[in-house]
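Counting from 1, the numbers follow the sequence of the chain as shown. This structure is a prediction, so every number in the text was calculated from the model and none was measured.
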Amino acid sequence: MPTTDTSRAKALILNYQTELERAGREHRDEDGFAEVIAGFAHEDLHWYGVHPFGERHGSHAVARAFWAPLCGSFERLQRRQDIFFAGRNASDDALWVVSMGHLMGLFDRPFLGIPPTGRVAMLRYAEFCHVTEDRIARASLFVDLIGLMQQSGLSPLPAATGQHFVYPGPRTHDGLQLADADPVESAATLSLIDRMVDDLSALNLSGEDRCPPEYLARTWHDDMLWYGPAGIGATYTIERYQAQHQYPFRTGLTDKVFNGHICRCAEGNYGGFFGWPNLTNRAAGGFLGLPASDKAADMRVVDIYRRDGDKLAENWVLIDLPHWLLQQGVNVLERSRELTQASFE
């Protein structure tokens with residue numbers, strides 16, 4: 001079977017993941033992780049990390065911000081990958097490799113002020129890597145820190161509309177696209193995602209916040225599964241999705257502006273995107289149980305989709321909620337530190 005740019009890029013990222021996991025088991029420090037990253041990335045690597053990690057440049061900065069602290073808190077860290085695919089970005093044809101699942105380990109020491117459990121913990125993640133000249137040029141890493149807080153017994157947000165739990169991978173158990181997929185299927189998935197995004201953009205322009213279920217049924221199966229970030233939670237079926245997320249989200253946020261995506265790609269029946277930021281909006285009151293705010297806030301979002309036939313069947317979503325909340329004066333990490341201190345007083 002001929003080697004393609006896509007298959008080489010996938011092999012690069014799989015090797016990168018293996019070496020990072022090995023470095024974690026060997027308790028390497030910042031220099032050790034930086035050495036691993038530098039072996040796979042361009043010298044001027046641009047890395048997008050959710051709050052509080054921030055945008056970083058170069059292998060040492062990424063190791064210092066995320067990997068060394070994480071593996072200093074988690075023993076025997078594993079990457080439990082549920083979805084893996086690669087595709088060309090819709091806007092500039094850049095090749096990206098996408099990975100999604102959980103980082104699992106023994107949570108033995110504090111992480112970002114989140115108290116350890118001494119037990120297994122699952123940190124949900126989604127990672128996008130732009131590969132050029134057989135090296136990683138750009139990468140984004142979204143992790144669900146509020147989900148980790150909840151596993152430590154903290155409830156930093158007052159209300160969730162859905163149900164949060166350790167989310168499964170695809171119902172069809174075929175999310176690891178290790179071989180190159182049929183380009184016809186990939187194009188069909190990307191076209192469907194584009195139509196769904198266009199429908200949402202049209203809602204933003206119309207100001208319609210309570211569209212009928214038939215509107216979503218244009219691109220979604222009736223028994224859709226939507227796995228939202230901790231603080232929002234998961235929903236099942238169009239009817240419950242609208243009641244438990246879409247309506248609270250759309251009525252609780254105003255002045256919504258779509259800012260586009262850095263990457264939007266697909267392979268086979270899987271596709272997804274991330275933006276930096278995707279959206280700008282303002283809290284009208286009620287969303288996540290929080291009061292109204294006069295401040296416009298940027299929202300960074302990852303969406304990963306599984307297509308079944310001509311409709312979307314499953315959607316895994318991560319939102320950098322700590323960053324969105326911080327722009328409105330709510331420091332959720334500091335709130336967790338305060339809750340932790342109060343529990344020991």
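For an aromatic pair to be called close, the ring centres must be under 6.0 Å apart, and W47 with H57 fails this. Between F249 and F287, the distance from one ring center to the other falls under 6.0 angstrom. Ring centroids of Y305 and F273 are separated by less than 6.0 Å, placing the two rings close together.
The number of heavy-atom neighbours closer than 6.0 Å to CD of E26, taken from other residues, nucleotides and ligands shown, is above 12. The environment of R25 atom CZ is dense: over 12 non-hydrogen atoms of other residues, nucleotides or ligands sit within 6.0 angstrom. More than 12 non-hydrogen atoms from other residues, nucleotides or ligands lie less than 6.0 angstrom from OH of Y247. In this structure, E21 places its CD atom where more than 12 heavy-atom neighbours from other residues, nucleotides or ligands lie under 6.0 Å away.
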Can you check side-chain contact (heavy atoms from CB on, under 4.5 Å) on I136 and L12, steps first, answer last? CA-CA 9 Å; I136 303 169; L12 174 79; 4.1 Å; yes
Just do the side-chain contact (heavy atoms from CB on, under 4.5 Å) check on H261 and N89 with the steps written out, would you? CA-CA 10 Å; H261 300 133; N89 190 16; over 6 Å; no
side-chain contact (heavy atoms from CB on, under 4.5 Å) assessment of T18 paired with R79: CA-CA 9 Å; T18 298; R79 184 184 294 254; over 6 Å; no
I would like to know whether W220 and T237 meet side-chain contact (heavy atoms from CB on, under 4.5 Å); could you show each step before the answer? CA-CA 9 Å; W220 292 93; T237 74; over 6 Å; no
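Cluster annotation: L145 and V166 are assigned to distinct hydrophobic clusters (Ile/Leu/Val/Met/Phe/Trp/Tyr, side-chain heavy-atom contacts under 4.5 Å, transitive).
Classified by interplanar angle (parallel below 30°, tilted 30° to 60°, perpendicular above 60°), the ring pair F274/F128 is tilted. Note on ring orientation: taking the six-membered ring where Trp is involved, the planes of Y167 and Y227 are tilted (angle from 30° to 60°).
Contact of the R218 side chain with the M196 side chain is not registered, since no non-hydrogen atoms from C-beta on lie closer than 4.5 Å. Counting heavy atoms from C-beta outward, P170 and W316 have side chains that approach closer than 4.5 Å.
When all heavy atoms of V62 and L45 are compared, the pair lying nearest together is CG2-CD2, 4.0 Å.
Side-chain atoms of R250 never come within 3.5 Å of backbone atoms of Q242 as a donor-acceptor pair (strictly under, hydrogens ignored). Not a single donor-acceptor pair under 3.5 Å links the side chain of Q328 to the backbone N or O of S293.
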